[in-house]
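A short worksheet on the structure shown next.
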2 protein chains.
Amino acid sequence: MKSMKLELHIKMNEALYLRNPESSELGKNIVKHGIQLIYQHGFEAFTFKKLAEDIGTTEAGVYRYFENKHKLLVYLTAWYWGWLEFQIRFHTNNVTDPELKLKKVIELLATAVADDDISDYENERLLHQIIITEGSKVYLTRQVGQDNKQHFFKPYKDLCAVIGDIVIECNKSYKYPKSLASTIVEMAHFQNFFMNNLPSLTDFGKSKEINEIIAFLNELVFSSLKNKR
Amino acid sequence: MKSMKLELHIKMNEALYLRNPESSELGKNIVKHGIQLIYQHGFEAFTFKKLAEDIGTTEAGVYRYFENKHKLLVYLTAWYWGWLEFQIRFHTNNVTDPELKLKKVIELLATAVADDDISDYENERLLHQIIITEGSKVYLTRQVGQDNKQHFFKPYKDLCAVIGDIVIECNKSYKYPKSLASTIVEMAHFQNFFMNNLPSLTDFGKSKEINEIIAFLNELVFSSLKNKR
DNA sequence: TATTCATAATAGTATTCCTATCTTTTAAAA
DNA sequence: TTTTAAAAGATAGGAATACTATTATGAATA
């Protein structure tokens with residue numbers, strides 16, 4: 001039996017789209033099939049034409065929702081970071097010990113989302129993979145500055161800020177909470193990508209165990225936070 | 001007075017080019033102006049047509065040397081990592097203390113190359129900036145696997161292996177030398193990018209001091225290496 | 001002298017990225 | 001129920017990008 005799915009709504013920056021994709025079936029299809037196609041072929045090979053064919057609409061139809069494929073990717077990543085921040089708040093809600101909180105955060109960042117009986121996370125699972133491979137491409141551009149001014153990266157920065165706050169809870173005199181937070185987030189993904197694609201850059205190439213990435217990050221983070229001097 | 005420049009030759013993987021760009025003036029111009037244009041406009045906006053116009057040759061002329069612009073970027077990054085490994089070997093040659101060695105490595109990774117009286121490092125300085133912004137795009141693709149089989153990333157992996165070995169010299173029982181090495185390399189660049197473009201993701205947004213990135217990385221790395229348990 | 005080799009000049013194709021316009025469908029308001 | 005506004009569908013096409021192919025020229029090499 002599949003239980004009821006509680007729809008979690010994430011408020012999106014309106015500058016990310018031309019027409020709100022949540023407002024229509026076509027819009028929802030653009031997002032859903034967009035995720036699937038980017039996952040399958042990679043962002044470089046992904047085009048609005050292919051997406052339109054896949055959905056059964058036209059290129060122009062897709063362009064009515066998103067200005068270009070980069071904006072669509074920014075939209076997807078923004079959604080993902082918003083969703084992940086919610087997951088973190090949800091799973092650390094009743095946790096008082098900041099160290100346990102931080103451990104949970106690392107686990108959530110590193111763990112591929114799994115389908116379970118409670119809800120269908122298939123899209124979130126694909127999104128997690130997309131963010132690993134394509135996530136940094138949204139800001140590694142010449143237009144970072146402008147995009148940042150329009151708050152396209154707010155969900156990402158908010159998430160890092162939340163993690164940075166937990167870091168400070170763990171150790172009030174720690175000097176680099178923000179940089180440590182962005183390091184945790186980026187490395188949770190990069191070590192995963194390396195493990196699966198350039199294994200000699202990690203110590204997990206053989207086992208391919210996400211738990212080892214988590215152990216590495218825990219070791220790295222808590223050594224630093226417990227270091228007295 | 002400008003002293004003699006000792007040309008340092010870095011052996012390149014022949015599968016990276018169609019014709020060796022070091023073998024002709026046109027080839028050298030493609031690399032040199034390629035670096036300048038990618039630096040100026042970013043990789044996405046960079047085209048072989050613009051490059052050809054800049055040099056005063058034709059599009060077809062550039063295509064005779066490099067299959068496409070992605071291969072050119074892979075070529076440039078491979079050269080950079082080879083060059084950096086040389087720099088590291090050179091500057092740690094007479095250092096016996098592995099901790100001092102590792103500190104020097106972190107400094108070299110994080111520090112933008114400076115022109116000095118000894119030699120003209122203008123191209124290396126631009127390359128350093130290019131690697132920060134575009135470097136990860138060479139492997140964050142659907143073709144990582146094939147590219148890796150052709151050893152396109154060997155210089156990067158070799159550099160990480162060298163750093164991993166120094167890590168082990170510092171602490172023989174450390175469990176994650178390779179992952180720590182790739183973390184150091186990636187974060188030396190990402191923290192720099194964040195500091196300059198998304199400053200709230202770092203603790204150096206105000207000062208914009210590379211020395212602070214170095215201090216952060218040192219704290220992170222040596223806390224972990226000195227952690228006894 | 002013949003030949004090969006890099007380069008230049010030119011042309012052209014497929015695809016990508018994007019805009020415009022017109023018609024039909026849908027669905028909400030009057 | 002009718003009207004009307006918005007969304008979607010259909011079609012066309014243009015500018016730029018990412019290539020490939022062909023031929024001509026001049027310089028070095030056998």
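- B:L127 has its side chain out of reach of B:W83: every pair of non-hydrogen atoms, C-beta onward, lies at least 4.5 Å apart.
- Going from atom CG of A:N29 over to atom P of D:dA7 covers 17 Å, rounded to whole Å.
- Between the B:D54 side chain and the B:K50 main chain, no donor and acceptor come within less than 3.5 Å of each other.
- Of the possible donor and acceptor atoms, none in the side chain of A:K157 sits under 3.5 Å from a partner among the backbone N and O of B:L201.
- In this structure, of D:dA21, C:dT19, D:dT17, it is C:dT19 that holds the atom nearest to the side chain of A:A60.
- Near-neighbour residues of DNA chain D inside residues 15-26 of chain A, defined by a heavy atom below 4.0 Å, number-ordered: A:R19, A:S24, A:L26.
- Spacing between atom CD of A:E44 and atom P of D:dC19 amounts to 13 Å, rounded to whole angstrom units.
- Contacts of residues 61-77 of chain A with DNA chain D (heavy atom under 4.0 Å): A:R64, A:Y65.
- The NZ atom of B:K49 sits 13 Å away from the P atom of D:dA15 (whole-angstrom rounding).
- A ring-centre distance under 6.0 Å is not found for A:H9 and A:W79.
- Between B:E44 and B:K137 there is a salt bridge, with a side-chain nitrogen of the basic residue lying less than 4.0 Å from a carboxylate oxygen of the acidic one.
- No side-chain donor-acceptor contact under 3.5 Å links A:T133 and A:Y39.
- Between the CD atom of A:E53 and the P atom of C:dT15 there is a distance of 11 Å, rounded to whole Å.
- Taking atom CD1 of B:I30 as the reference point, atom P of C:dA6 lies 13 Å away to the nearest angstrom.
- Counting only heavy atoms from C-beta outward, the side chains of A:H70 and A:T141 approach each other to under 4.5 Å.
- Dashed line: the shortest gap from a side-chain N or O of B:T57 to OP1 or OP2 of C:dA8 is under 4.0 Å.
- Closest-nucleotide positions on DNA chain C for A:F48 and B:G56 were compared, and the one nearer the 5' end corresponds to B:G56.
- One N or O on the side chain of A:K208 and one on the backbone of A:M195 form a donor-acceptor pair closer than 3.5 Å.
- The closest donor-acceptor contact from the side chain of A:S179 to the backbone of B:D203 lies under 3.5 Å.
- Counting any heavy atom pair closer than 4.0 Å across all strands shown, B:T58 reaches a base atom.
- The nearest whole Å value for the distance from the CD atom in A:E59 to the P atom in C:dT21 is 18 Å.
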